[in-house]
Amino acid sequence: MKNPYRYGRFLAWTGIVMLLGTIVFWGVLGQNIPPYSPALNADEFAAQIRQHQGEIRIGMIVQLAISVMWYTWGVAIWMVMRAIENENGDNDVLSTLQIWGAGFTTIVFIVPCSAWLAVAYRPDVMEPQTLQMVYDFGWMMFDCAYALTTMQILAWGVCVLQDKRETPLYPGWVVWFSMFVVVSFILETFMPLVYDGPFSRSGVVNYFFEFGIFFLMWVFIGIYTLKAIGRLQQEHLAAHASN
Amino acid sequence: MTGKIAGARNAWLLLLAISAVSFLAAELVGERHVAIGAIMLIAAAKIAVILSRFMEVERAPKAIGRYLYGWTIGVAVIVFAMWWVAALG
Amino acid sequence: MRRERAPAIWIFIAMDCTSFGVLFLVFMYERMGQVALFDEASHLLNAPLGFFNACVLITSSWLVAWANIVGREGRFDEARRLMLAGMAVASIFLIVKVIEYYMKLSVGITVKTNAFFLFYYALTGVHLMHYLGGMVILAILAQGPSPYLPAAEAKASYLRWLEGGSLYWHMVDLLWIFIFSILYLIGAR
């Protein structure tokens with residue numbers, strides 16, 4: 001019997017693996033909980049980078065390697081969306097938007113992590129201002145390119161809200177919470193305008209609040225995508241058993 | 001005009017009236033803590049009117065209704081408390 | 001069977017209110033450290049314009065609530081007209097807001113002026129985004145039930161959107177009440 005959801009569970013797991021990896025490598029080793037404040041002067045900043053050079057390098061090398069999993073996870077989400085789209089007349093616009101959004105979001109991980117890796121590459125011989133500029137560049141892209149992820153999650157949300165199952169594949173609260181999260185990214189608009197306070201890259205609003213809810217969203221969609229693919233496989237199995 | 005439409009219109013008139021009171025309180029009341037208390041109380045009251053009359057929050061899941069009323073009162077009380085603490089310090 | 005999914009908009013509203021609540025608290029917390037600066041800066045705001053805009057949104061919210069009531073009774077044409085009226089009133093909000101921003105920017109008050117004005121632009125800006133999104137929703141609702149669906153399905157879907165869209169619009173209104181009170185009134189004389 002052919003299984004249209006082959007590889008799906010594996011891909012769904014990659015999202016969860018990347019989530020855990022991101023906490024350890026981008027977050028803890030990468031010194032990003034919270035990141036260095038933009039209020040530090042160049043010398044203070046360079047001293048911090050020099051002190052944590054080794055950890056940041058390991059963190060960013062691994063983060064670069066695992067970031068492709070945002071895309072592979074996006075393909076798992078795409079599988080679930082295709083199933084819903086098929087039941088609703090087979091218009092694949094939303095799943096297409098979602099998968100491109102997932103691919104682009106991978107780049108939003110990869111380019112900034114490369115910048116931070118470059119900062120940690122030879123900070124001893126580099127000018128502090130140069131280090132700071134490259135580090136800032138990473139954060140500008142990481143925070144302000146949110147629209148790519150917003151597109152991904154909104155397309156997903158609009159699609160899966162049309163799921164006609166008694167118990168939907170993604171519960172309404174997960175969908176609405178996630179759509180709220182990606183809409184609230186608009187607060188990052190103010191990040192490049194300030195050097196300290198709640199809206200800075202390490203501030204209460206634009207770091208702790210925004211990244212807090214972003215990771216929560218990741219957890220929720222991660223768990224329910226895994227469950228959804230399992231359910232779709234079982235539905236498929238049941239449909240074939242009755243035939 | 002059915003009762004519901006009249007109810008919505010009355011809620012609108014009520015909201016305009018208490019908005020004016022709140023605005024005048026900010027401009028005219030000399031006692032600052034009385035004025036701020038009144039402003040936040042009226043803001044919460046207006047939001048409660050919107051929640052119950054315009055949004056018909058009782059049609060929402062119970063927990064959400066309770067949460068939104070709690071949020072309204074919470075924001076008003078905490079803003080007033082933080083204003084008070086700042087005024088003392 | 002399709003489960004009734006319209007109430008899910010409530011989750012979005014609760015979350016959105018929460019995040020504005022967080023912003024209000026952060027604003028009040030920052031204010032504690034620099035009360036004089038915040039009060040002085042807030043005197044530069046035009047409270048009568050903010051008050052006027054609150055009345056504008058309340059009026060538009062009422063028209064939308066009215067549209068919802070008649071829509072539920074199946075009077076879609078009336079609902080459509082009320083939606084248009086709600087939009088027409090609400091468009092005044094945007095005009096006033098643009099004038100207000102222009103007045104601030106023309107005397108050199110920007111996001112970078114001080115912490116108060118960062119919050120002023122952040123809170124009113126994010127609220128304005130919500131407002132613009134809401135205007136798009138009202139514009140869609142003002143079209144009435146979709147002509148591209150079978151009549152029964154179009155009606156059911158229109159009613160769901162009418163309810164969800166109206167709820168969202170009332171949220172835009174109620175958020176402005178807190179924003180107006182906290183930014184404009186608390187520091188006023």
Side-chain angles (χ1 to χ4, degrees), chain A residues 39 84 87-89 91 146-147 150 153-154 157-200 203-214 216-217 220, chain C residues 1-31 33-34 38 110-134 148-150 153 157 160-161 164 167-168 171:
Chain A
I84 294 169
E87 293 156 11
N88 289 336
N91 177 331
Y146 62 83
T150 303
I153 300 299
L154 289 184
V158 172
C159 174
V160 301
L161 281 177
Q162 296 168 37
D163 180 7
K164 294 192 171 61
R165 285 170 182 72
E166 183 79 41
T167 309
L169 291 168
Y170 293 98
W173 64 269
V174 170
V175 182
W176 285 100
F177 172 75
S178 305
M179 297 215 282
F180 154 75
V181 171
V182 296
V183 169
S184 80
F185 285 164
I186 197 155
L187 287 169
E188 297 291 352
T189 308
F190 297 93
M191 177 276 219
L193 305 176
V194 296
Y195 301 92
D196 55 10
F199 295 100
S200 75
V204 176
V205 171
N206 273 349
Y207 179 76
F208 287 98
F209 180 69
E210 289 293 350
F211 279 79
I213 58 177
F214 170 73
L216 262 185
M217 172 188 91
F220 294 149
Chain C
M1 248 322 279
R2 192 197 163 86
R3 241 171 39 140
E4 191 47 65
R5 210 70 58 73
I9 181 73
W10 284 106
I11 295 162
F12 184 88
I13 288 172
M15 301 289 326
D16 225 24
C17 286
T18 306
S19 73
F20 270 94
V22 170
L23 287 177
F24 298 151
L25 298 191
V26 174
F27 171 83
M28 290 308 287
Y29 179 78
E30 293 281 313
R31 183 182 175 277
Q34 35 197 329
F38 270 53
T110 68
V111 178
K112 290 156 80 178
T113 299
N114 59 38
F116 177 84
F117 280 105
L118 172 63
F119 275 101
Y120 168 75
Y121 283 108
L123 281 169
T124 58
V126 173
H127 179 264
L128 192 64
M129 289 296 142
H130 281 76
Y131 161 92
L132 291 173
Y148 305 112
L149 290 174
E153 201 180 316
S157 141
R160 263 202 314 279
W161 277 89
L167 287 174
Y168 176 86
M171 180 191 76

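Since the structure is predicted, the reported quantities are computational estimates derived from the model, not experimental observations. Each chain gets a letter, A, B and so on, in the order the sequences are listed, and its residues count up from 1.
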Revision key, fill the gap. Of the listed V205(A), T189(A), V175(A), the one with the largest count of heavy-atom pairs under 4.5 Å with chain C is V205(A)

Check your understanding: side-chain contact (heavy atoms from CB on, under 4.5 Å) between V126(C) and F190(A): does it pass, once the steps are laid out?
Key -> CA-CA 10 Å; V126(C) 173; F190(A) 297 93; 4.3 Å; yes

Exercise for review: Side-chain contact test, heavy atoms from C-beta onward, threshold under 4.5 Å: evaluate it for D16(C) versus V183(A) and give yes or no.
Suggested key: no

Practice item. Taking all non-hydrogen atoms of both residues into account, name the closest pair between I11(C) and G172(A) and its distance. Key: CD1-C, 4.3 Å

Practice item. Under 4.5 Å, counting heavy-atom pairs only, tell me which of F177(A), F209(A), F199(A), W173(A) racks up the most with chain C. Key: F199(A)

**Study point:** Structural part of L193(A) lying under 4.5 Å from a heavy atom of chain C
**Key:** both

**Study point:** Contacting moiety of M129(C), where chain A heavy atoms sit under 4.5 Å
**Key:** side chain

